[in-house]
Amino acid sequence: MKTFKPEMTLDMAISHLKHIEGESVMNVTPIEMGELSKVFSYRKGDADYVIHFKDNGDSLHKVFKIYDMYGTQSLPIPRIHKIGKVENIHFSISDKVSGTPISALEPTQIRGLIPGIVHQFMRFRQVHVADSHEGYGWITPEGKAVHRSWLDYITSVFDEEQEGFYHGWHNLYENSFLEKAFFEEIYQTMIELVRYSPPERYLVHGDFHLGNMLGENGNVTGIVDWEMAMFGDFMLDVSVLHTWYPMLEFPKRLQQALEQQGVSIPYFEERLLGHQLFKALDGLRFYAKKDDPHSYQFMKNQIISLLNR
């Protein structure tokens, strides 16, 4: 199985931290988080911090910009103190938010946090996306997005000739277990469903699952890992959480909370399914590239289950 994280041992992280922060760093500890970063917590003085190491610094600048734009709106986004480069590796340093990843809590504790998750999600949905922050799709380090519509963004994710991680990804049909006929059939279904998304733009986390949420004493204390954030249809976040944790019944609970405020979401079921298929297709492609047949089959089974309901 392949890994896309930078090579970074604990000793290397300590060495880099001492170069960045001085000799006073203590308690450097790895954090298992994400597929593309190496992450460590540490203590300096009387405060705790988190450092992300990445081969490419674009997403770190993007998260810094997102904090600058929205972190002051009482959203639970960790404050970012510094971004930079040491030797050939990029890094960002942020506050360590108190709490434990909600995915690591006991089921009863997770259930107790569901109202808090709904509350935080509704706050994201109420964020005002300024007209100056134009476009749909991935937010750039400048705080904008480049696509003319949400559907334009969705289709661009699967372009063959794109820059970066998925450049030339169609060769996976020949060089991996990615099944072209299955993939393309689901893709067409997904596109028809995503057409139901309205033109309104929202702040979308992009990777909204329990591993990126922190909880403590019955409260949601932080939402972390904003590297995939975008402007578009908030139903993408609903679909991510529901795909990985259907037992939470998050879509149902969100609808109930919105109905109490007199708000209804048009084409809720169509948009939910369309975005679940979107993320599942992206998962198939990622696990094929990662050479992870077990996760690939899990994702394929998820797709089949969604379409058989």
**Q.** Residue of the set Phe182, Phe183, Tyr296, Tyr287 for which ring pair (Phe, Tyr, Trp, His ring centres under 6.0 Å) holds with Phe177
**A.** Tyr296

For [Y], does its backbone N or O pair with a side-chain atom of [X] as donor and acceptor, under 3.5 Å?
X: His170; Y: Glu161; value: no
X: Asp237; Y: His205; value: yes
X: Arg201; Y: Gly135; value: yes
X: His52; Y: Phe91; value: no
X: Thr108; Y: Glu106; value: no
X: Asp292; Y: Ser295; value: yes
X: Arg271; Y: Phe234; value: no
X: His209; Y: Thr243; value: no
X: Thr29; Y: Ser41; value: no
X: Tyr70; Y: Val129; value: no

Search all heavy atoms of [X] against all heavy atoms of [Y] and return the closest pair with its distance.
X: Gly274; Y: Met190; value: O-CG, 3.3 Å
X: Leu113; Y: Val220; value: CD2-N, 3.9 Å
X: Gly137; Y: Ala145; value: O-CB, 3.7 Å
X: Ala13; Y: Phe53; value: CB-CE1, 4.1 Å
X: Ile110; Y: Leu105; value: CD1-O, 3.6 Å

Q: Sort out for me which residue in Leu241, Ile265, Val238 forms a side-chain contact (heavy atoms from CB on, under 4.5 Å) with Pro251.
A: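 By the side-chain contact (heavy atoms from CB on, under 4.5 Å) criterion, Pro251 pairs with just one of Leu241, Ile265, Val238: Val238.
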
Can you find a heavy atom in the side chain of [X] that is under 4.5 Å from one in the side chain of [Y]?
X: Met213; Y: Pro76; value: no
X: Ile186; Y: Leu307; value: yes
X: Gln256; Y: Lys252; value: yes
X: Pro198; Y: Asp233; value: yes
X: Thr155; Y: Tyr187; value: yes
X: Ile223; Y: Ile77; value: no
X: Ile117; Y: Phe208; value: yes
X: Arg125; Y: Val263; value: yes

(Q) For Trp169 and Phe158, take the angle between the two ring planes, folded into 0 to 90°, and tell me which bin it lands in: parallel under 30, tilted 30 to 60, perpendicular over 60. (A)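 Aromatic pair Trp169/Phe158 classed perpendicular.
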
Q) Parallel, tilted or perpendicular: which fits the ring planes of Phe124 and Phe121, with parallel below 30° and perpendicular above 60°? A)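 Aromatic pair Phe124/Phe121 classed perpendicular.
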
Can you tell me how far the [atom1] atom of [X] sits from the [atom2] atom of [Y], to the nearest 0.5 Å?
X: Glu87; Y: Met12; atom1: CD; atom2: CE; value: 8.0 Å
X: Leu193; Y: Leu277; atom1: CG; atom2: CG; value: 6.5 Å
X: Ile80; Y: Asp95; atom1: CD1; atom2: CG; value: 9.5 Å

Q: Indicate, with yes or no, if the rings of His81 and Tyr49 have centres closer together than 6.0 Å.
A: yes

Q. What do you reckon, are the aromatic ring centroids of Phe278 and Trp150 less than 6.0 Å apart?
A.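 So the answer is no for these two rings.
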
Q) Hey, mind stepping through Glu216 and Ser98 against side-chain hydrogen bond (donor to acceptor under 3.5 Å, both in side chains) and telling me if it holds? A) CA-CA 7 Å; Glu216 185 177 59; Ser98 63; 3.1 Å; yes

Q | Lys289 to Phe165, cation-pi by 6.0 Å centre distance and 45° axis angle | A | yes

Q) Is there a side-chain hydrogen bond (donor to acceptor under 3.5 Å, both in side chains) between Asn56 and His90 once you walk through the steps? A) CA-CA 6 Å; Asn56 184 292; His90 298 264; over 6 Å; no

Q: Before accepting this row, confirm whether a basic side-chain N of the pair Glu21/Lys82 lies closer than 4.0 Å to the acidic partner's carboxylate O.
A: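 Yes, Glu21 and Lys82 are salt-bridged.
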
Q.
Quick check on the hydrophobic clustering: are Met26 and Phe40 connected, directly or via other members, by side-chain heavy-atom contacts under 4.5 Å?
A. no

Can I get a per-line list of side-chain donor-acceptor pairs under 3.5 Å for residues 58-69, giving both atom names and the distance, sequence neighbours left out?
residue, atom, partner, partner atom, Å
Ser59, OG, Lys54, NZ, 2.9
Ser59, OG, Glu227, OE1, 3.3
Lys62, NZ, Glu227, O, 2.9
Lys62, NZ, Ala229, O, 2.7

